[in-house]
Amino acid sequence: MSIKGNVYWITGLSGAGKTSIGKLFFEKIKQEEPNTIFLDGDELRLILNAESSFSMESRLTLSYLYSKLCNLLANQKLNVVIATMSMFEEIRVWNKKNIINYNEVYIKVPMNVLIKRDKKRLYSKAIKGEIKNVIGIDVQFHEPMNPDLICFNDGSKSIQKIAEEIFLFFKKTNKSTIAI
């Protein structure tokens with residue numbers, strides 16, 4: 001076991017499957033590494049009482065809080081699996097510079113698939129003009145530039161299969177970017 005914990009930062013747009021895949025991945029790691037916790041960006045937003053603020057400045061501040069929390073936990077020898085949109089490249093760069101065992105997974109999904117899924121009805125409301133500030137519709141999403149792993153979740157594979165592939169990838173500790 002390493003001196004510090006690992007942070008597995010799972011990112012992608014709303015509806016990409018971050019939380020579902022992250023939880024399955026977490027369950028696999030937890031079997032081998034009991035000192036592992038799961039954090040969800042939506043739940044953290046509620047805990048930090050930021051559910052009503054979606055300005056770019058507030059989102060950036062919240063993202064830094066997530067990063068610093070993950071770093072704190074990893075420094076206490078906990079492994080952290082976090083599922084969060086992480087729309088800012090500067091956050092991912094900060095993570096790579098400041099979190100020693102940082103691992104980034106990008107769950108990539110075509111927009112037409114996200115619109116079809118739309119469980120939270122964010123995309124349909126944004127397209128109709130009922131709401132604003134929806135990442136990927138009227139607010140630009142900066143795709144991760146150098147994730148450790150890119151997973152395509154367009155429905156051609158089960159989320160269980162994707163979680164298994166992520167687990168096996170990091171078990172091998174190969175840090176080069178690949179796409180599955």
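- No side-chain donor-acceptor contact under 3.5 Å links W9 and T84.
- Take K120 and apply the side chain to side chain contact (heavy atoms under 4.5 Å, CB included) test, not counting sequence neighbours, and it matches S14, D42, L122.
- With 3.5 Å as the limit, one finds no donor-acceptor pair spanning the side chains of K4 and N101.
- Taking all atoms of both residues into account, the shortest heavy-atom contact from S86 to I91 is OG-CG2, 4.2 Å.
- The CG atom of N98 sits 6.5 Å away from atom CG of N71, with the distance rounded to the nearest 0.5 Å.
- Scanning both residues, T19 and F38, for their nearest heavy atoms gives O-CZ, 3.9 Å.
- Using a 30° and 60° split on the angle between ring planes, F167 and F25 fall in the perpendicular class, above 60°.
- If you run side-chain contact (heavy atoms from CB on, under 4.5 Å) between N6 and each of V81, N79, T36, only N79 comes through.
- K171 pairs in a salt bridge (Lys or Arg N to Asp or Glu O under 4.0 Å) with only one of the listed residues (E165, E32, E33, E164), which is E32.
- Residues E104 and Y106 have side chains that never bring a donor and an acceptor to within less than 3.5 angstrom of each other.
- Applying the ring-ring contact (aromatic ring centres under 6.0 Å, His included) rule to Y123 yields no partners; only residues at least two apart in sequence or on another chain are considered.
- What you find for D154 and R117 is that their closest heavy atoms are C-NH2, 3.8 Å.
- Not one N or O on the side chain of N153 forms a donor-acceptor pair closer than 3.5 Å with the backbone of V109.
- In this structure, V105 and C151 approach most closely via the heavy-atom pair CG1-SG, 4.0 Å.
- Minimum interatomic distance between A16 and L114 (heavy atoms only, all atoms of both residues): N-CD2, 3.6 Å.
- For S124 against D118, the heavy-atom pair with the smallest separation is N-OD2, 2.8 Å.
- Qualifying salt bridge (charged side-chain N to carboxylate O under 4.0 Å, His left out) partners for E90, counting only residues two or more places apart in sequence or in other chains: none.
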